[in-house]
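Okay, structure first, notes after.
The residues of the chain are indexed from 1 along the displayed sequence.
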Amino acid sequence: LTGLVFIMARRVFLFTLGDGGRARSLSLCHSRMPAAVSGSEAIEPQSLKKLSLKSLKRSLDLFAPSHVDRPAPNPISVRIRISCKLRGEYAAVKEMQAIPAQETTSSAPPLANAQETLALPTPDHTTAKVSQVDAENSQLTIAVVESPLGATPLQPIPGRTEGLVESGAPKPSSLTAVTEYKPPDRYQPSAAVMRRLPSKWPKPVWHPPWKHYRVISGHLGWVRSIAFDPGNEWFCTGSADRTIKIWDVASGLLRLTLTGHIEQIRGLAVSSRFPYMFSAGDDKQVKCWDLEYNKVIRSYHGHLSGVYCLSLHPTLDILLTGGRDSVCRVWDMRTKAQIFALSGHENTVCSVITQATDPQVVTGSHDTTIKLWDLAAGKSISTLTFHKKSVRALAMHPFEHTFASASADNIKKFRLPNGDFLHNMLSQQRTIVNCMAINEENVLVSGGDNGSLWFWDWKSGHNFQQAQTVVQSGSLDSEAGIYAVSYDITGTRLITCEADKTIKMWKEDEHATPETHPINFKPPKEMRRF
């Protein structure tokens, strides 16, 4: 009895597969079961997982052909489902009383064929009545009848009767042909079908390209600053060799060399009312030179570190300098006294420009800000924080009340007196912009630290020329930086001061035409407002 129980316990499972009422059975035994007990040959040992997968495969082969066949809907279940939907939607109005027929009858006289009509106002004090759709021809018919006395006709809506189709149904002479309403185009929801408006961005004015025609060598160090004589006969340059050289504009020949600074000279300015020239350098000194004697007659002491920029007021006898002590100092030109110390920047003041009207002083700093100053009070009017990098150059337009600021991120235009931001230039020079200048023909030029010289149209901000300076023989390619740039008094010559110790002169190409050098301009789709 114990052996029989052990044999029965070894049977794993018994299942039946039905196929037309025919049953199949399978018994699984382990290999340790004796052949004499099973009464047949020994069964190959198989794992339970393998047998289960085989069973699944047999079931799939058996029932897969009829898997996609859906059973026919049961009429009873369909009727029950519809009844539930009807009860849920219309149970509240199912028991409403019917409206008597006399209440639904209109007081208006019946028309032909007993059709109900809809009155429409018309401009000629008549009322158009639209009948229902004719059952025979399925077309819209309109009846025009006289409006009652004293009734005010409605005014027609412009554009609401355009594109109407005349009815083909027979009508008397009093009938008016109107058509179905079509909404105007402005009601179309999709922006893709709307007519695109032309760009409001100003189209750039054509300017001839510039070409360099002269290279002047003479300095023994980087040429850092430049200033022109108001008579346009000569210009002066300051260099890292601690000298100031005066050159002839027409021939480019050296006229004079002035010494007196003990560090590189970063700022130069020539007075238009006096025979004075002013210079500033890294030696903290600001000097006034008498050009009749070629000697220093005044020195302005007060800066605590190197002086990086210098500017003369156009109408007042004052001088403005900015330097590494983060202060823009205002000097009396005649008495050498310091009038104001315009403090507020948090880093080096590297650019300053002046004008005759408020704000009379604009400064740019390495702290990425631009400050507008009230010169009478010696206080800041506003601070512009649009740049993300150091503002190394500022350029005032000769006759517009605007100015441009240059940084490594972009060149931006502002409107004075409030410093309203106008727009960015449409291209990025992608280098450190050290200097800028603009002439009366609205050509803005910017010089980069990598030797790139870009020309811009002032109105549109379009970059119409990208020039690259070539270093003189014996210099490294890395010495192609441009540190100062200036137009002459007429605006027809351009002079650049570069890191290869040379001075290059540029002029417009007189043979260029709009056909040979067309404008390749694409209006911006979107402008960054910061």
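Summarising the local packing, CD of Glu89 is surrounded by 12 or fewer heavy atoms from other residues, nucleotides or ligands at distances under 6.0 Å. By the neighbour-count criterion of 12 heavy atoms within 6.0 Å, atom CH2 of Trp506 is densely surrounded, having more than that number from other residues, nucleotides or ligands. Residue Asn520 places its CG atom among 12 or fewer non-hydrogen atoms of other residues, nucleotides or ligands, all under 6.0 Å distant. Counted within 6.0 Å of CZ on Arg430, heavy atoms from surrounding residues, nucleotides or ligands total 12 or fewer; the atom is thus considered open.
No hydrogens or angles considered: nothing links the side chains of Thr369 and His387 as a donor-acceptor pair under 3.5 Å. Side chains of Thr257 and Lys245: a donor-acceptor N/O pair is present below 3.5 angstrom, by distance only. His261 and Asp282 share no side-chain donor-acceptor pair at under 3.5 Å. Gln429 and Thr431 share no donor-acceptor pair across their side chains, judged by distance under 3.5 Å alone. Side-chain contact annotation: Ser239 with Trp222, donor-acceptor N/O pair under 3.5 Å absent.
Between Asp332 and Lys336 there is no salt bridge, since no side-chain nitrogen of the basic residue lies less than 4.0 Å from a carboxylate oxygen of the acidic one. Salt-bridge formation is not detected for the pair Lys379/Asp374: no Lys NZ or Arg NE/NH1/NH2 atom is positioned less than 4.0 Å from an Asp or Glu carboxylate oxygen. Taking a cutoff of 4.0 Å between a charged side-chain nitrogen and a carboxylate oxygen, Asp290 and Arg298 do not qualify as a salt bridge. In summary, Glu400 and Lys459 engage in a salt bridge, as defined by a charged side-chain N under 4.0 Å from a carboxylate O. Salt bridge Lys388/Asp409: absent, no basic N to carboxylate O contact under 4.0 Å. Salt bridge Asp500/Lys504: present, at least one basic N to carboxylate O contact under 4.0 Å.
With rounding to the nearest 0.5 Å, the separation of OG in Ser326 from CD in Glu346 is 8.5 Å. Note that the CG atom of Leu220 and the NZ atom of Lys501 stand 7.0 Å from one another [nearest 0.5 Å]. Put simply, CD1 on Ile411 and OG on Ser446 are 4.0 Å apart, with the number rounded to the nearest 0.5 Å. Taking NE2 of His423 as the start and NZ of Lys412 as the end, the distance is 11.0 Å to the nearest 0.5 Å. A distance of 13.0 Å separates OG of Ser486 from CE of Met436, quoted to the nearest 0.5 Å. For the atom pair NE2 (His397) and CG (Asn439), the distance works out to 8.5 Å, reported to the nearest 0.5 Å.
Aromatic pair Trp456/Trp454: centroids less than 6.0 angstrom apart. The ring of Phe278 has its center no closer than 6.0 angstrom to the ring center of Trp289. The six-membered or imidazole ring of Trp206 lies away from that of His517, with a centre-to-centre distance of 6.0 Å or more.
Heavy atoms only, all atoms of each residue included: Ile216 and Trp247 are closest at CG2-CZ3, 3.3 Å.
Geometrically, Lys522 does not engage Trp201 in a cation-pi contact defined by less than 6.0 Å to the ring centre and at most 45° from the axis.
Using a distance-only test at 3.5 Å, with no hydrogens or angles considered, a donor-acceptor pair links the side chain of Thr469 to the main chain of Gly451. A donor-acceptor pair is defined here as one N or O able to donate and one able to accept, closer than 3.5 Å; no such pair exists between the side chain of Thr516 and the backbone of Ala512. In this structure, the side chain of Gln465 does not engage the main chain of Lys211 through any donor-acceptor pair within 3.5 Å. Ser475 places no side-chain N or O within donor-acceptor distance of the main-chain N or O of Val471, the cut-off being under 3.5 Å.
Here the options are Phe464, Trp458, Phe455, the test is ring pair (Phe, Tyr, Trp, His ring centres under 6.0 Å), and the partner is His207; only Phe464 passes.
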